[in-house]
Amino acid sequence: MFSRPYVLNWISFDLLSLMLPFYLLYWLGQGDMLAKVDLFGIRMVPETATFGLLLISATLTLPLWNIVAQKVSKRFAYILGM
């Protein structure tokens, strides 16, 4: 069966992925479904800007986590990342 830390870890990811669009629409967009943000001179919807920045930051920090995983165990690097 599933271990509790595994299930709790995925519950946190699922909650974040479900709540993020509502946060972006109702907090950043202030309820306006057609809201636009200006990011580096490009006008786009807040969801696109946020997910793009998340993707860029994850891509840039991946080599760092690879180095950490090689120096210590992968398990410890995963726990540090959480």
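One is the number of the first residue; the rest follow in order along the sequence.
- The CE atom of Met44 sits 10.0 Å away from the OG1 atom of Thr50 when rounded to the nearest 0.5 Å.
- Tyr26 and Val45 end up in different hydrophobic clusters when Ile, Leu, Val, Met, Phe, Trp and Tyr side chains are linked at under 4.5 Å.
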Below 3.5 Å, can you tabulate the donor-acceptor pairs from side chains in residues 75-82 to any protein atom, sequence neighbours excluded?
from  : atom 1 : to   : atom 2 : distance (Å)
Tyr78 : OH     : Asn9 : ND2    : 2.2

Can you give me every donor-acceptor pair (side chain of residues 54-68, partner residue at least two apart or in another chain, under 3.5 Å) with its distance?
from  : atom 1 : to    : atom 2 : distance (Å)
Ser57 : OG     : Leu53 : O      : 3.1
Ser57 : OG     : Leu54 : O      : 3.0
Thr59 : OG1    : Leu55 : O      : 2.8
Thr61 : OG1    : Ser57 : O      : 2.9
Thr61 : OG1    : Ala58 : O      : 3.4

